[in-house]
Amino acid sequence: MEIIIADTYEKLSALGADIIQRQLLRKPSSVLGLATGSTPVGLYQELVKRHREHGLDFSKVTTFNLDEYLDLSPSHPQSYRYFMDHNLFNHINVDAQNIHVPYGHTEEVDEFCDWYEEEIRRAGGIDIQLLGIGADGHIAFNEPGSSLGSRTRLKTLTKQTIDDNARFFDKNEEVPRFAITMGVGTILEAKEILLVANGAKKAAIVAEAIEGPITAQVSASALQMHRHVTVIVDAEAGAMLKRADYYKWVFEEKKRLVPRLVGKVT
Ligand code: GLP
């Protein structure tokens, strides 16, 4: 794993955008796995800026989002589809036909989940998967206890996640209790993974996920098994990492010697 500790959220967002941009330049028809939450908003703003100002091209890109609340229609302001439209898709030249966000407003959840997995396969697999991390260590909505081999399916959210998400809804009762989410196994099949985390609230779980044991109780810890993961945290989210000095040293050494290797070698 490559751990990058950025001084600020702005630098974290720019470095994350660098990695996505490099992927798009290498392969214009990349399959991007995308995430919601407040953490990647700055990264999406960077990508939009680079599209507007430097013509970063998304016309051949295919996207798959990690998750979606059950029973929220795509036009609901708190749905993840709405979030993606407003934070990214409406501002870049991605072909609407190539966008995939799990459809939460369905009675046929199992069939939908199988279809979603099949679509990812048909697209040739995900080239780079962007992830945030929940306060309980979840990636996508793989709550503690999710099998490390799990696939796209329906998950019941934990009380902590419901409380964390309550800030986006008028009343706590309105927060969805279920979500459709890619599984940990689905995520681990991405060719490359980029996890971003910011703020002091994430410090303890980031340290547990990166430096603690691999356990289904912290689904982000499964990333330790993946062969190409980059984690970018800001100073606050990286504050409890025991080997922080080493990670910073590696980053500086790579920048000095072989800048093209940053985000490339674990
Ligand atoms: C939700 C999403 C996750 C995201 C997490 C963290 O639970 N399903 O994909 O990583 O929120 O959100 P935030 O970035 O707002 O802390």
Side-chain angles (χ1 to χ4, degrees), residues 6 9-10 12-13 16-17 32-46 63-72 74 76-84 86-88 100-104 113 116 126 128-146 150 152-169 172 174-184 186-188 190 193-210 218-223 229-234 236-238:
Y9 177 69
E10 289 68 32
L12 171 162
S13 302
L32 303 182
L34 298 175
T36 49
S38 44
T39 315
V41 168
L43 191 158
Y44 290 150
Q45 284 169 353
E46 267 295 318
T63 69
F64 286 92
N65 261 80
L66 289 166
D67 46 12
E68 178 62 283
Y69 292 117
L70 190 72
D71 286 342
L72 288 197
H76 190 289
Q78 299 311 333
S79 75
Y80 283 173
R81 175 61 203 237
Y82 187 95
F83 172 98
M84 289 307 301
H86 286 79
N87 284 286
L88 185 68
H100 304 82
V101 180
Y103 187 66
C113 293
Y116 205 67
I126 290 171
I128 183 161
Q129 176 66 58
L130 175 62
L131 296 174
I133 183 170
D136 61 6
H138 69 223
I139 45 176
F141 269 131
N142 291 287
E143 299 287 33
S146 291
S150 51
T152 303
R153 69 214 183 289
L154 188 68
K155 274 304 282 185
T156 307
L157 305 183
T158 61
K159 182 150 186 329
Q160 179 174 6
T161 299
I162 292 167
D163 291 346
D164 284 349
N165 292 342
R167 66 188 195 276
F168 299 115
F169 293 82
N172 193 293
E174 288 173 12
V175 186
R177 266 52 182 164
F178 303 94
I180 293 174
T181 179
M182 279 190 207
V184 180
T186 320
I187 292 168
L188 288 178
I193 292 177
L194 169 61
L195 184 139
V196 286
N198 74 304
K201 272 195 347 209
K202 298 288 173 69
I205 199 64
V206 161
E208 241 189 285
I210 293 171
V218 180
S219 52
S221 68
L223 301 178
V229 179
T230 306
V231 177
I232 313 179
V233 293
D234 70 352
E236 288 184 340

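Atoms considered below: every heavy atom in the structure, side chains included; atoms not considered: hydrogens, waters and symmetry mates. Atoms within a ligand are numbered from 1 in the order they appear, just like the ligands themselves. Model, not experiment: these values are computed from the prediction.
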Asks: Checking K202 side chain against I133 main chain: does a donor-acceptor pair fall under 3.5 Å?
Replies: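 It does hold such a pair.
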
Asks: Would a distance-only check, ignoring hydrogens and angles, find a side-chain to backbone donor-acceptor pair under 3.5 Å from Y116 to T152?
Replies: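 Looks like no, no N/O pair under 3.5 Å.
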
Asks: Hey, which atoms in ligand 1 end up nearer than 4.0 Å to a heavy atom of H138?
Replies: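 Here the atoms of ligand 1 in question are 1 (C), 5 (C), 7 (O).
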
Asks: For D163, does its backbone N or O pair with a side-chain atom of N172 as donor and acceptor, under 3.5 Å?
Replies: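 Here the side-chain-to-backbone pair does not exist.
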
Asks: Side chain or backbone, does T161 bring an N or O within less than 3.5 Å of an N or O on ligand 1?
Replies: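 Between T161 and ligand 1, no N or O pair is found under 3.5 Å apart.
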
Asks: Applying a strict 4.0 Å limit to heavy atoms, is A140 in contact with ligand 1?
Replies: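 For ligand 1, residue contact (heavy atoms, under 4.0 Å) with A140 is present.
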
Asks: Checking side-chain contact (heavy atoms from CB on, under 4.5 Å) for the pair T181/L154: CA distance, chi angles, key distance, verdict?
Replies: CA-CA 6 Å; T181 179; L154 188 68; over 6 Å; no

Asks: Specify side chain, backbone, both or neither for S38, according to which of its non-hydrogen atoms lie closer than 4.0 Å to ligand 1.
Replies: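 The answer is both.
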
Asks: With a 4.5 Å limit on heavy-atom distance, are the side chains of L157 and V175 in contact?
Replies: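 They are not in side-chain contact.
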
Asks: Return a yes/no value for F168: is any of its N or O atoms, backbone included, closer than 3.5 angstrom to an N or O of ligand 1?
Replies: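 In this structure, F168 places no N or O atom under 3.5 Å from an N or O of ligand 1.
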
Asks: Which protein heavy atom lies closest to atom 8 (N) of ligand 1, and at what distance to 0.1 Å?
Replies: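 Ranked first by proximity to atom 8 (N) of ligand 1 is D67 OD2, 2.7 Å.
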
Asks: Mark up the atoms of ligand 1 that fall under 4.0 Å of a heavy atom belonging to G132, in ascending order.
Replies: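 Those qualifying, in numeric order: 10 (O).
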
Asks: Show me which atoms of ligand 1 lie under 4.0 Å from any heavy atom of T39.
Replies: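 That gives atoms 13 (P), 14 (O), 16 (O) of ligand 1.
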
Asks: Side chains of S146 and R153: do they bring a donor and an acceptor to under 3.5 Å?
Replies: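 S146 vs R153: donor-acceptor pair found between side chains.
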
Asks: Which residue holds the protein heavy atom closest to atom 6 (C) of ligand 1, what is that atom called, and what is the gap in Å?
Replies: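 Checking every protein heavy atom, the shortest distance to atom 6 (C) of ligand 1 gives I133 O, 3.6 Å.
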
Asks: Please check: side-chain N/O of E68 versus main-chain N/O of Y80, any donor-acceptor pairing under 3.5 Å?
Replies: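 Flag set: sc E68 to bb Y80 pair under 3.5 Å.
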
Asks: So do S38 and R167 actually touch side chain to side chain, heavy atoms under 4.5 Å?
Replies: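 The answer is yes; the side chains approach within 4.5 Å.
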
Asks: Could you tell me whether Y69 and F141 have their ring centroids closer than 6.0 angstrom?
Replies: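 Yes, the ring centres sit under 6.0 Å apart.
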
Asks: Among all the protein's non-hydrogen atoms, which is closest to atom 12 (O) of ligand 1, and how far away is it?
Replies: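 Result for atom 12 (O) of ligand 1: G37 CA, 3.9 Å.
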
Asks: Does some side-chain heavy atom of Q129 sit less than 4.5 Å from a side-chain heavy atom of M182?
Replies: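 Yes, their side chains come closer than 4.5 Å.
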
Asks: Write out the residue and atom name of the closest protein heavy atom to atom 2 (C) of ligand 1, then the distance separating them to 0.1 Å.
Replies: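 Residue, atom and distance for the closest contact: Y80 OH, 3.5 Å.
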
Asks: Which atoms of ligand 1 have any heavy atom of R167 under 4.0 Å away?
Replies: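 Per the distance check, 15 (O).
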
Asks: Give the contacting part of L131 toward ligand 1: side chain, backbone, both or neither, where contact means a heavy-atom distance below 4.0 Å.
Replies: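 Answer for L131: neither.
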
Asks: Considering heavy atoms of the protein only, find what lies nearest to atom 4 (C) of ligand 1 and give residue, atom and distance to 0.1 Å.
Replies: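 Result: T36 O, 3.9 Å.
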
Asks: Which of the numbered atoms in ligand 1 are under 4.0 angstrom from any heavy atom belonging to F141?
Replies: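 Numbered from 1, ligand 1 contributes 1 (C), 7 (O), 8 (N).
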
